[in-house]
Q: 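What follows is a single structure, and I will ask about it in a moment.
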Amino acid sequence: MTEYTSLEKIRLEKIETLRKEGVEPYPTRAKRTHTSAQAIVAFEESETIHPVDQPPAEVQVILAGRIRASRAMGKLTFAHIEDGDGRIQLFLRMNELGQERVDWFNKMLDIGDFIQASGVMFRTKTGEPTLHVHDFKLLAKAVSPLPAAKDEVTDSGETVRHAVLEDPELRARQRYADLAVNPEVRDTFRKRAGMIRALREFLDYNGFLEVETPILQPIYGGAAAKPFTTHHNQLKQDLFLRISFELYLKRLLVGNLERVYELGRDFRNEGVSFKHNPEFTQLEFYWAYADYLQVMELTEQMVAYACQKVTGGMEITYQGTTLNFTPPWRRLSMADGILETSGIDIAKHTTAKSLFTAIAAKGKTPNPKATRGKLIDFLLSEYLEPTLVQPTFVYDYPRDISPLAKSIPGDPLTVERFEGYVAGFELCNAFTELNDPIDQEQRFIEMGRDYAANDEERHPMDEDYLRAMRYGMPPCGGFGMGVDRLAMLLTDNHSIREVLLFPHLREPEE
RNA sequence: GGGCGUGUAGCUCAAUGGCAGAGCAUCGGCCUUUUAAGCCGUUGGUUAAGGGUUCGAGCCCCUUCACGCUCACCA
């Protein structure tokens with residue numbers, strides 16, 4: 001049984017009263033001729049464009065939206081409604097509507113209710129385009145009060161927000177209320193949608209085919225992550241939610257689909273943080289006959305295109321820092337980057353033992369069981385990553401942490417792989433794909449050995465993937481990007497929760 | 001999972017261990033160009049939950065929960 005607050009009880013009583021008066025609080029149909037923005041544009045055009053010897057034409061409109069503010073002033077009432085385009089002021093006067101209707105508006109309607117209002121546009125004394133209301137109708141009554149947010153416009157023209165819903169937990173749990181009262185949150189998700197549209201446009205234009213591959217997989221792979229498990233009852237089959245798309249997309253290249261991409265959800269059963277959510281949106285593409293250097297060029301063009309589409313330029317401000325996505329981005333070999341930032345030359349340490357000693361000499365303590373590749377990765381995140389503020393490609397990675405990437409010809413310890421870093425975190429990861437089925441099988445075996453101590457991280461052997469490789473896969477470049485992270489950058493949000501409509505949260509307290 | 005921090009009215013926040021408060025919102029009035037409208041009045045609380053210390057706990061102690069920051073984990 002729902003427990004109502006005293007404020008809600010008052011509104012429920014109003015709903016009863018409305019029905020007794022014969023007013024349906026939730027009518028089935030609404031009518032509107034203009035959005036708030038369209039009404040203002042039409043009005044301003046009428047003011048400027050009219051024959052010199054005639055007054056401006058009346059602009060009659062029917063608007064619909066949610067009441068966000070209401071100021072009753074005796075025989076006048078001012079209110080603001082908000083629709084998908086913005087806000088617009090309503091003006092109600094007893095002269096036109098009569099005392100009864102204006103009183104009814106003030107008494108029976110509340111902030112949060114949806115209404116439609118018809119009338120003629122005019123300007124108030126202060127110059128604000130306003131609807132002079134001749135009639136109005138309740139469209140949907142709100143039972144629960146919205147968390148009130150008020151905007152004050154100071155003398156200097158700045159907008160100061162008061163009584164904002166700002167508790168991050170509540171905002172995420174009740175995203176509907178957050179969206180209803182915080183316009184910048186709606187804007188974040190419009191930008192996110194625009195960004196995703198831009199990524200698709202870019203890849204479509206470049207001849208990539210959008211595909212969909214299984215989310216429920218009998219064998220997971222393509223990344224080092226712990227999966228979620230589930231079960232198909234009738235088939236009595238254990239299944240995993242995918243941790244990446246990679247192994248399925250590359251099967252498609254075996255099938256002669258030369259350029260494919262997938263934009264969808266990955267699931268990783270790992271910790272939650274400001275840049276990790278258990279389910280997140282991933283973009284992967286695979287490009288036959290290309291290598292990682294071509295992928296690098298396409299990547300910077302794609303991100304720059306998305307940035308241009310969302311923000312109108314190549315430069316953005318992220319958490320107070322100006323970032324410039326104009327291609328070409330800085331390119332830095334991993335060995336050089338680590339040498340510059342840590343003073344350790346990984347080329348001189350070809351074994352894990354030697355490298356561990358060098359790191360220990362710096363006073364750092366990585367996991368002593370780590371492989372050479374893991375130690376290099378440790379150096380990357382410890383020293384290099386925090387310095388990579390402007391978009392940078394770090395390239396040429398250790399082989400043993402890149403089991404699906406192709407080695408550099410003549411350098412068995414290093415693979416053709418790069419990661420894109422921005423604002424000190426990893427944005428994307430790409431490599432020249434390994435297409436030698438014998439080598440691939442060997443890598444899976446090595447990896448099984450390296451990770452034998454840790455069952456959860458162990459990469460299961462995917463026999464069907466190897467079979468596909470044996471049919472032959474063209475040389476290709478592959479790419480993966482955390483789409484939520486790009487959304488964080490382009491909307492200037494520090495936390496992934498702010499760019500997910502419904503981020504994962506713990507069970508609420510009862 | 002570890003460390004630090006936060007949690008008080010619908011919203012935003014106060015309150016030396018000593019009567020739980022303010023603004024906005026609600027409700028009742030006044031007001032024909034307001035815009036955080038204003039003015040007068042009114043209502044609203046299991047101080048996140050549970051336990052303890054104390055004559056007395058929002059405040060001190062313990063446990064739990066949620067959130068934030070951070071560390072760890074995260075090819």
Side-chain angles (χ1 to χ4, degrees), chain A residues 4-11 13-14 68-80 87 89-96 99 102 107 110-112 122-128 130 132 144-154 159-173 177 181 221-226 243-244 246 268-276 278 367 370-371 373-374 376-378 380-381 397-405 415 417 419 425-426 429 431 443 447 450-451 454 456-457 459 480 482 494-495 497 503 505-510:
Chain A
Y4 289 106
T5 66
S6 58
L7 276 68
E8 289 168 333
K9 284 175 188 158
I10 290 163
R11 296 202 185 183
E13 283 165 22
K14 286 185 190 178
R68 291 302 315 282
S70 184
R71 299 172 293 282
M73 272 201 40
K75 296 187 171 57
L76 293 181
T77 291
F78 293 89
H80 275 91
R87 283 189 185 206
Q89 182 166 256
L90 306 184
F91 174 79
L92 293 86
R93 199 163 66 150
M94 287 186 181
N95 298 25
E96 291 81 30
Q99 181 174 351
V102 176
K107 195 166 180 276
D110 294 290
I111 290 169
F122 80 114
R123 266 183 208 279
T124 59
K125 266 186 186 169
T126 52
E128 180 167 344
T130 299
H132 195 142
S144 302
L146 283 178
K150 289 190 171 185
D151 291 339
E152 176 188 10
V153 181
T154 61
T159 301
V160 183
R161 311 208 63 205
H162 299 272
V164 189
L165 173 66
E166 56 187 16
D167 174 25
E169 180 194 354
L170 249 187
R171 287 186 40 233
R173 280 193 200 286
V181 302
K226 298 168 203 163
I243 57 172
S244 88
E246 174 152 4
R268 296 188 181 175
N269 207 339
E270 290 168 348
V272 175
S273 81
F274 75 97
K275 53 181 177 178
H276 297 89
N367 184 343
T371 61
K374 284 226 162 194
I376 292 173
D377 196 44
F378 173 86
L380 169 70
S381 29
Y397 277 61
R399 181 181 189 267
D400 69 86
I401 56 169
S402 315
L404 299 162
V415 294
R417 173 179 172 191
E419 291 186 320
F425 62 74
E426 180 193 337
N429 180 17
F431 32 86
R443 302 276 198 103
M447 196 168 43
D450 288 344
Y451 289 86
N454 187 343
E456 285 182 308
E457 279 190 21
H459 205 112
H494 174 62
S495 171
R497 288 171 183 239
L505 299 165
R506 295 179 202 228
E507 279 293 306
E509 203 177 348
E510 285 305 321

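The sequence lines fix the lettering, A, B, ..., with proteins before strands; numbering per chain opens at 1.
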Q: Regarding A:H494, tell me which of base, sugar-phosphate or nothing describes its non-hydrogen contacts under 4.0 Å with the strands shown.
A: sugar-phosphate
Q: Between B:C30 and B:C67, how far is it from one P atom to the other, in whole Å?
A: 48 Å
Q: Please give the nucleotide sitting opposite B:C69 as a Watson-Crick or G-U wobble pair, both distances under 3.5 Å, or none.
A: B:G3
Q: State whether A:R497 places a side-chain N or O below 4.0 Å from either non-bridging phosphate oxygen (OP1 or OP2) of B:G68.
A: yes
Q: Does B:U16 have a Watson-Crick or wobble partner in any strand here, with both distances under 3.5 angstrom, and which is it?
A: none
Q: Ignoring the backbone of A:N95, work out which of B:C74, B:U26, B:U32 is nearest its side chain.
A: B:U32
Q: What is the distance from atom CZ of A:R87 to atom CZ of A:R68, rounded to the nearest 0.5 Å?
A: 4.5 Å
Q: Rounded to whole angstrom, note down the P distance from B:U12 over to B:A48.
A: 14 Å
Q: B:G7 and B:G41: how far apart are their P atoms, nearest whole angstrom?
A: 32 Å
Q: I'd like the C1' distance from B:G3 over to B:C73, given in whole Å.
A: 16 Å
Q: RNA chain B: A:K107 or A:F91, which has the more 5' nearest nucleotide?
A: A:K107
Q: For the atom pair CZ (A:R417) and CG (A:L404), what is the distance rounded to the nearest 0.5 Å?
A: 9.5 Å
Q: Only pairs with both distances under 3.5 Å count, Watson-Crick or wobble alike; so what is the partner of B:U54 in this structure?
A: none
Q: Under 4.0 Å between any heavy atoms, over every strand shown, what does A:T124 touch: base, sugar-phosphate, or nothing? Just pick one.
A: base
Q: How many Å lie between CZ on A:R93 and P on B:C31, as a whole number?
A: 17 Å
Q: Base, sugar-phosphate alone, or nothing: which one does A:K14 contact when heavy atoms must sit under 4.0 Å apart?
A: sugar-phosphate
Q: Between B:G50 and B:U46, how far apart are the two C1' atoms, rounded to whole Å?
A: 12 Å
Q: Where the side chain of A:M73 is defined as all heavy atoms beyond and including C-beta, which of B:A75, B:C27, B:U34 is the nearest nucleotide?
A: B:U34
Q: State which of B:A75, B:C27, B:U33 makes the closest approach to the side chain of A:P403.
A: B:A75
Q: With RNA chain B as reference, determine whether A:A69 or A:I111 sits nearer its 5' end, using the nearest nucleotide of each.
A: A:I111
Q: Base, sugar-phosphate, or nothing: which does A:R268 touch, judged by heavy atoms less than 4.0 Å apart?
A: nothing
Q: For nucleotides B:G21 and B:U43, find the distance between their P atoms and express it as a whole number of Å.
A: 12 Å
Q: Using the C1' atom on both, measure B:G45 against B:A37 and round to a whole Å.
A: 29 Å
Q: What integer number of Å spans the P atoms of B:C59 and B:G51?
A: 14 Å
Q: Name the pairing partner of B:U34, where a pair is Watson-Crick or G-U wobble with both distances under 3.5 Å, or state none.
A: none
Q: May I ask you to decide if the ring planes of A:H132 and A:F91 are parallel, tilted or perpendicular, using 30° and 60° as cut-offs?
A: perpendicular
